Colleague: 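This is the structure I want to talk about, given as structure tokens.
By convention in this document, chain letters (A, B, ...) are assigned in the order of the sequence lines, proteins followed by strands, and residues within each chain are numbered from 1. Worth saying up front: this structure is predicted, and the values here are computed from it rather than measured.
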There are 2 protein chains.
Amino acid sequence: MKKTQKRSECPISRTLDLFGDKWTLLIIRDIAFKGHRFYNEFLDSDEGIATNVLSDRLKMLETKGFLVSKKYEQLKTKKVYTLTDEGIGLIPLVLDMLVWGYKFDNSLAVQPGIIERIENDRDNFIAEIVTALKNYDAKNFC
Amino acid sequence: MKKTQKRSECPISRTLDLFGDKWTLLIIRDIAFKGHRFYNEFLDSDEGIATNVLSDRLKMLETKGFLVSKKYEQLKTKKVYTLTDEGIGLIPLVLDMLVWGYKFDNSLAVQPGIIERIENDRDNFIAEIVTALKNYDAKNFC
DNA sequence: TTGCTCACTTGTTTTTTGCAAGTAAGAAGA
DNA sequence: TCTTCTTACTTGCAAAAAACAAGTGAGCAA
């Protein structure tokens with residue numbers, strides 16, 4: 001599993017210890033902004049994560065308490081992955097990456113009006129995302 | 001140099017293409033929040049970046065336009081690294097990592113009151129950091 | 001001219017990632 | 001019951017990146 005050892009007492013460094021890689025926050029994005037819940041949905045994302053890296057990151061996220069998995073009762077070979085409250089706490093960070101990425105290159109794909117909402121109505125917007133998540137009704141924002 | 005190829009049209013993924021590693025944003029932190037300007041100052045940070053990785057990341061950041069380097073006139077073996085406006089645009093992202101890291105583990109070291117300022121007075125606070133930077137008077141926040 | 005400082009580069013080992021293939025458990029059809 | 005899928009992984013190997021140690025060359029300083 002990816003190392004998450006503490007390199008220093010700086011909280012920025014600590015955040016990067018945990019999420020300083022190209023894949024972990026994409027899994028959070030997939031759950032929060034695309035409503036993905038199953039292994040094969042994560043595998044099929046546009047970026048093309050490798051199956052062993054996905055397996056590794058899901059384990060790390062579960063071990064650290066950012067998500068939980070349980071058996072999917074409708075089809076018992078499947079597992080459902082959902083964010084814990086700790087995992088939901090990552091949404092602001094991912095939203096800022098969305099804003100930054102769009103400002104860096106505004107030819108990238110985003111839903112209309114979303115940048116303005118994140119900037120001007122941030123707290124309500126986050127609350128809406130969380131509600132949608134809990135109702136299994138996440139919107140696709142990118 | 002670290003790969004920064006575009007994996008998809010998603011702006012979150014694009015941000016991670018550029019900054020999804022354990023070191024690049026620490027250099028931005030060092031400049032913005034610690035006032036570091038010289039190669040050996042970055043090298044001496046608590047996290048212990050390797051000299052080849054530092055060299056690589058500085059090159060990438062300069063190539064992509066997030067910072068510029070020029071000869072230090074007082075001592076010509078030295079180079080001064082400073083953020084461009086593009087680089088300054090990364091400060092909000094790094095601030096959110098500070099907040100997230102501290103909430104994840106509030107035994108980590110931060111200046112008193114800083115979390116509240118980031119959350120309640122974000123725009124002014126960012127403006128202050130930028131002003132301090134331009135006056136070569138950056139504060140150490142972590 | 002000798003010995004520093006400084007910003008790197010080079011070479012080697014270790015770790016992590018990427019890719020292809022395989023596996024085991026459960027479902028679904030004959 | 002037997003075979004064949006699907007699903008969530010694991011395994012093995014090659015390639016890339018990071019870590020570590022040791023240079024190098026340009027500019028000062030005595």
Side-chain angles (χ1 to χ4, degrees), chain A residues 1-8 13 16-27 30-31 35-64 66-82, chain B residues 1-8 13 16-27 30-31 34-64 67-82:
Chain A
M1 201 182 310
K2 190 172 74 79
K3 281 211 188 101
T4 57
Q5 281 178 314
K6 180 156 67 170
R7 291 175 294 173
S8 78
S13 156
L16 290 166
D17 293 340
L18 291 156
F19 296 103
D21 82 305
K22 294 197 189 308
W23 298 110
T24 310
L25 288 175
L26 288 185
I27 296 173
D30 282 354
I31 302 179
H36 290 183
R37 290 183 295 154
F38 303 112
Y39 194 89
N40 58 352
E41 292 181 305
F42 302 126
L43 258 194
D44 292 345
S45 276
D46 290 341
E47 293 81 15
I49 190 169
T51 178
N52 55 342
V53 175
L54 174 58
S55 171
D56 177 279
R57 296 302 190 275
L58 287 171
K59 247 173 233 162
M60 186 277 272
L61 287 167
E62 195 166 5
T63 302
K64 302 274 179 188
F66 299 109
L67 50 80
V68 285
S69 67
K70 56 179 183 180
K71 193 176 280 181
Y72 185 55
E73 287 305 325
Q74 287 93 314
L75 204 155
K76 289 183 181 159
T77 44
K78 282 194 166 193
K79 275 171 130 183
V80 194
Y81 292 92
T82 45
Chain B
M1 203 183 307
K2 189 173 74 81
K3 280 208 190 103
T4 57
Q5 281 178 313
K6 181 157 66 169
R7 291 175 295 173
S8 78
S13 155
L16 290 167
D17 293 340
L18 291 156
F19 296 103
D21 81 305
K22 293 197 189 306
W23 297 110
T24 311
L25 287 175
L26 288 186
I27 296 173
D30 282 354
I31 301 178
K34 299 190 173 192
H36 289 184
R37 291 182 294 153
F38 303 112
Y39 194 90
N40 60 351
E41 293 180 304
F42 302 127
L43 258 193
D44 291 344
S45 277
D46 290 341
E47 293 81 15
I49 190 169
T51 177
N52 56 343
V53 175
L54 175 58
S55 171
D56 178 278
R57 295 303 188 276
L58 287 171
K59 247 172 233 163
M60 185 277 271
L61 286 167
E62 195 166 6
T63 302
K64 301 276 178 186
L67 51 82
V68 285
S69 67
K70 57 178 186 180
K71 193 176 280 183
Y72 184 56
E73 287 306 324
Q74 287 91 318
L75 204 154
K76 289 181 180 159
T77 45
K78 283 194 166 192
K79 274 171 131 183
V80 194
Y81 291 92
T82 45

Colleague: Has A:Asn40 got a side-chain N or O lying under 4.0 Å from the OP1 or OP2 atom of D:dA8?
Modeller: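 Checking D:dA8 against A:Asn40, a side-chain N or O does come within under 4.0 Å of OP1 or OP2.
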Colleague: For the residue pair B:Asp21 and A:Leu16, what are the closest heavy atoms and their distance?
Modeller: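 Where B:Asp21 meets A:Leu16 most closely, the heavy atoms are O-CD2, 3.8 Å.
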Colleague: Can you tell which of D:dA19, C:dC6, C:dA21 lies closest to the side chain of B:Trp23?
Modeller: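 That would be D:dA19.
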Colleague: Look at the side chain of A:Glu62 and the backbone N and O of A:Ser69, then say whether any donor-acceptor pair between them is shorter than 3.5 Å.
Modeller: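 Present.
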Colleague: Between A:Arg57 and C:dT17, is there a contact of a side-chain N or O with OP1 or OP2 at under 4.0 Å?
Modeller: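 Yes, A:Arg57 has a side-chain N/O under 4.0 Å of OP1/OP2 on C:dT17.
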Colleague: Hydrogens and angles aside, do B:Ser55 and B:Tyr39 bring a side-chain donor and acceptor to less than 3.5 Å of each other?
Modeller: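 There is no such pair between these side chains.
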Colleague: Of the nucleotides C:dA21, C:dA25, C:dC8, which one has an atom closest to the side chain of B:Tyr39?
Modeller: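 The closest nucleotide is C:dC8.
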Colleague: Can you figure out which of D:dA18, D:dC9, D:dC28 approaches the side chain of B:Lys76 most closely?
Modeller: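 Ranking D:dA18, D:dC9, D:dC28 by closest atom to the B:Lys76 side chain puts D:dC28 first.
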Colleague: If you check the A:Asn52 side chain, which of C:dC19, C:dT9, D:dC20 turns out closest?
Modeller: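 When the side chain of A:Asn52 is considered, C:dC19 is the closest of C:dC19, C:dT9, D:dC20.
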Colleague: Mind calculating the distance between NZ (B:Lys78) and P (D:dG27) to the nearest angstrom?
Modeller: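 In whole Å, D:dG27 P and B:Lys78 NZ are 16 Å from each other.
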Colleague: Can you check whether B:Ser55 has a side-chain N or O nearer than 4.0 Å to OP1 or OP2 of C:dA7?
Modeller: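 B:Ser55 to C:dA7 OP1/OP2: no side-chain N or O under 4.0 Å.
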Colleague: Out of B:Leu54, B:Asp30, B:Ile27, which residue meets the side chain to side chain contact (heavy atoms under 4.5 Å, CB included) rule with B:Ser45?
Modeller: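 Considering B:Leu54, B:Asp30, B:Ile27, a side chain to side chain contact (heavy atoms under 4.5 Å, CB included) with B:Ser45 is found only for B:Asp30.
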Colleague: Quick check for you: among C:dC6, D:dC20, C:dC8, whose closest atom lies nearest to any side-chain atom of B:Lys79?
Modeller: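 Closest nucleotide among those given: C:dC8.
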Colleague: Of the candidate nucleotides C:dG18, D:dA21, D:dA19, which contains the atom at the shortest distance from the side chain of B:Val53?
Modeller: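 Selected nucleotide: D:dA19.
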Colleague: Where each residue is assigned the nucleotide of DNA chain D containing its nearest heavy atom, which of B:Lys71 and A:Leu43 is assigned the position nearer the 5′ end?
Modeller: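 This one resolves to A:Leu43.
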